[in-house]
Amino acid sequence: MTEGRPDTFNSDSPPSGAANTEPAAVRSLRLTDFRCYQALDLSLDVSPVVLFGENGAGKTNLLEAISFLSPGRGMRSAGADGVARKAGIDRAKEWAVFAEVETKFGEYRLGVGAREGGRRTNRIDGDPAQQGALARILPMIWLTPAQDRLFAGPRADRLKFFDRLVYAADPAHADAASAYEKTRVRRQRLLDEGRTDPAWLDAIEIEMAGHGVAMASARLDALARLQAEIDRRDGGVFPQAELSLDGAVEVDMAEGLMAGEAEDRFAAALYEGRQRDAIVGRTLTRGPHRTELVARHRGKDQAAADCSTGEQKALILTLALAQGRVLAGQGGAAPLLLLDEACAHLDQIRREGLAREICDSGSQTWMTGVERSLFEAFDNRAQFLKVNQAQVESF
Ligand SMILES: Nc1ncnc2c1ncn2[C@@H]1O[C@H](COP(=O)(O)OP(=O)(O)OP(=O)(O)O)[C@@H](O)[C@H]1O
Ligand SMILES: [Mg+2]
């Protein structure tokens with residue numbers, strides 16, 4: 001269907017289209033010299049996709065290729081210059097991922113690739129496009145095995161994961177976050193170099209405060225919707241989470257400070273923190289770059305970090321699945337879900353619960369696992385693809 005299909009996605013405004021939810025799905029996928037794939041051509045239907053096969057078969061590489069159809073450095077953070085196919089000491093000079101996707105806004109042909117040492121290029125229906133435009137067409141949420149113990153790991157990884165959930169709902173958040181980071185680095189460099197021209201620093205800090213407040217506000221908004229969706233679902237096999245954001249600006253705003261006041265307060269904190277940040281060579285002043293995503297397991301009334309590995313995996317799935325429902329429900333595009341090692345650490349009850357949730361969700365989910373039997377709860381409701389030495393066949 002093409003109702004509501006925007007003429008262009010190269011604008012800041014998200015598409016506004018039909019109110020009903022259509023599944024987002026990759027209908028065909030073509031890889032050229034991407035990781036272990038010299039050439040791969042797949043046709044798919046809209047149902048969940050299970051990729052199974054031995055270690056090193058090429059399952060994660062396939063998910064990673066899809067992740068490049070969204071902004072950024074891909075789900076392994078490898079970047080466009082880190083994924084070209086290598087064979088011995090030879091390295092392909094360019095790589096490409098091409099997909100035909102179906103979304104509620106219509107059908108699109110998305111192409112991403114890079115030449116040796118070059119930046120990635122993006123095309124939508126053959127025309128050059130900005131990365132943000134891809135996110136507006138095909139929002140994506142992914143989970144990697146490295147995130148299975150996200151709640152017990154470094155704060156920055158948790159924040160990065162949460163920010164990606166926010167981007168999926170609000171692509172402008174990615175722009176604010178990148179503008180914030182650029183100004184933060186600029187200010188820190190001036191302080192490190194002892195170039196403390198007050199007028200210059202004042203201007204940078206005011207700009208940084210503006211981007212920081214925009215980020216905090218987008219995060220709070222996304223968190224409120226996500227928490228409401230989690231609260232709405234009780235009694236499933238995935239535990240309820242209680243989430244909050246512990247960050248100077250987020251707390252100010254959650255307590256009712258208006259955006260302008262929050263900006264002034266943050267800019268004042270940056271001003272006061274100049275000397276300390278210069279001495280330590282890091283932005284210790286508390287701002288959106290140092291925010292902590294605090295998560296608790298509601299049923300156990302326990303910090304997520306203290307939960308078992310399987311409980312943490314179930315909690316992170318709670319967040320990803322709930323965010324998927326939020327996006328589908330708010331009239332936007334339902335996000336594609338990429339779950340690498342989807343069933344790792346999950347017992348049979350939770351594997352069955354995952355199959356139910358995914359079959360009910362409005363969009364195509366891609367999952368990997370070493371054994372087909374891990375996904376038997378999907379029965380005939382998924383397309384099973386066997387991956388073997390970079391070859392993929394229906395099974
Ligand atoms: N740039 C590259 N060029 C060629 N091969 C690569 C490249 N990068 C990684 N590989 C290889 O691709 C193969 C498949 O990797 P992938 O991570 O997709 O395996 P997997 O099926 O997910 O395995 P596992 O079950 O162990 O997670 C590996 O042997 C890996 O070393
Ligand atoms: Mg893998």
Side-chain angles (χ1 to χ4, degrees), residues 26 29-42 44 48-70 72-99 112-121 140-150 153 157 161 309-310 312-313 316-317 320 336-346 351 354 358 364-376 378 382-395:
V26 176
L29 183 68
R30 210 161 68 216
L31 312 187
T32 310
D33 286 328
F34 184 92
R35 295 275 192 195
C36 59
Y37 293 97
Q38 186 173 16
L40 179 76
D41 206 340
L42 284 180
L44 303 137
V49 185
V50 172
L51 302 167
F52 68 99
E54 292 174 357
N55 294 140
K59 306 178 296 290
T60 304
N61 290 348
L62 242 176
L63 252 51
E64 186 187 26
I66 297 173
S67 75
F68 270 96
L69 298 171
S70 95
R73 301 176 55 81
M75 65 184 264
R76 281 182 165 128
S77 302
D81 51 353
V83 293
R85 191 171 68 92
K86 290 184 219 161
I89 54 163
D90 294 332
R91 191 177 185 113
K93 298 215 177 327
E94 52 187 77
W95 61 268
V97 177
F98 174 81
V112 171
R115 293 222 158 83
E116 198 175 23
R119 290 161 67 88
R120 59 180 270 181
T121 53
M140 251 183 240
I141 295 174
W142 58 69
L143 293 183
T144 67
Q147 291 168 329
D148 286 354
R149 288 187 60 81
L150 186 81
D157 290 352
F161 167 74
T309 308
Q312 290 191 39
K313 171 80 178 250
I316 196 163
L317 280 165
L336 211 67
L337 271 183
L338 308 179
L339 307 178
D340 196 15
E341 302 292 348
C343 296
H345 314 299
L346 298 184
R351 293 201 297 272
L354 183 67
I358 282 173
Q364 198 182 40
T365 301
W366 288 67
M367 291 160 284
T368 73
V370 284
E371 302 282 350
R372 185 194 159 122
S373 59
L374 291 167
F375 301 92
E376 80 197 346
F378 282 90
Q383 39 199 331
F384 287 87
L385 301 177
K386 181 169 182 174
V387 187
N388 183 26
Q389 296 189 356
Q391 304 289 325
V392 181
E393 56 174 308
S394 285
F395 206 80

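All ligand and atom numbering here is 1-based and tracks the order in the structure.
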- prompt: Could you go step by step and tell me if Arg76 and Leu63 meet the side-chain contact (heavy atoms from CB on, under 4.5 Å) rule?
  reply: CA-CA 10 Å; Arg76 281 182 165 128; Leu63 252 51; over 6 Å; no
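In the candidate list Glu54, Glu341, Lys59, Arg35, Arg35 is nearest to atom 9 (C) of ligand 1, counting heavy atoms.
Residue Asn55 does not count as close to the Mg ion (ligand 2), with no N, O or S atom under 2.8 Å.
Here the side chains of Tyr37 and Val392 are in contact, with some heavy-atom distance below 4.5 Å. Side-chain atoms of Phe378 and Thr365, non-hydrogen and from C-beta on, never get closer than 4.5 Å to each other. A 4.5 Å side-chain heavy-atom check between Leu143 and Leu150 finds every atom pair outside the cut-off. Contact annotation: the side chain of Trp366 approaches that of Leu51 to within less than 4.5 Å [non-hydrogen atoms, C-beta and beyond]. The shortest side-chain heavy-atom distance between Gln364 and Leu44 falls under the 4.5 Å cut-off.
By the 3.5 Å distance cut-off applied to N or O atoms, Ala57 is counted among the residues near ligand 1. Close N/O approach between Gly58 and ligand 1 is found [any backbone or side-chain N/O within under 3.5 Å]. Geometrically, ligand 1 and Gly56 share a nitrogen or oxygen pair separated by less than 3.5 Å. At least one N or O atom of Ala84, backbone or side chain, sits closer than 3.5 Å to an N or O atom of ligand 1.
If you look at Gln389 next to ligand 1, there are no close heavy atoms at all, none under 4.0 Å. When non-hydrogen atoms are compared, ligand 1 lies under 4.0 Å from neither the backbone nor the side chain of Ala87.
Other residues, nucleotides and ligands contribute more than 12 heavy atoms inside 6.0 Å of the CD atom of Glu94.
Of the protein's heavy atoms, Arg76 NH2, 2.7 Å lies nearest to atom 17 (O) of ligand 1. Scanning the protein for heavy atoms near atom 26 (O) of ligand 1, the closest one is Asn55 ND2, 3.2 Å. Among protein heavy atoms, atom 18 (O) of ligand 1 sits closest to Asn61 N, 2.9 Å. Taking atom 3 (N) of ligand 1 as the reference point, the nearest protein heavy-atom neighbour is Lys86 N, 2.8 Å. The shortest contact between atom 22 (O) of ligand 1 and any protein heavy atom is with Thr60 OG1, 2.7 Å.
In this structure, atom 14 (C) of ligand 1 has a protein heavy-atom contact shorter than 4.0 Å. Atom 31 (O) of ligand 1 is never approached by the protein to below 4.0 angstrom, counting heavy atoms only.
Listed for the Thr368 side chain is a donor-acceptor partner under 3.5 Å among the backbone atoms of Glu341.
Annotation: cation-pi geometry not satisfied between Arg120 and Phe68 (NZ/CZ under 6.0 angstrom from ring centroid, within 45° of ring axis).
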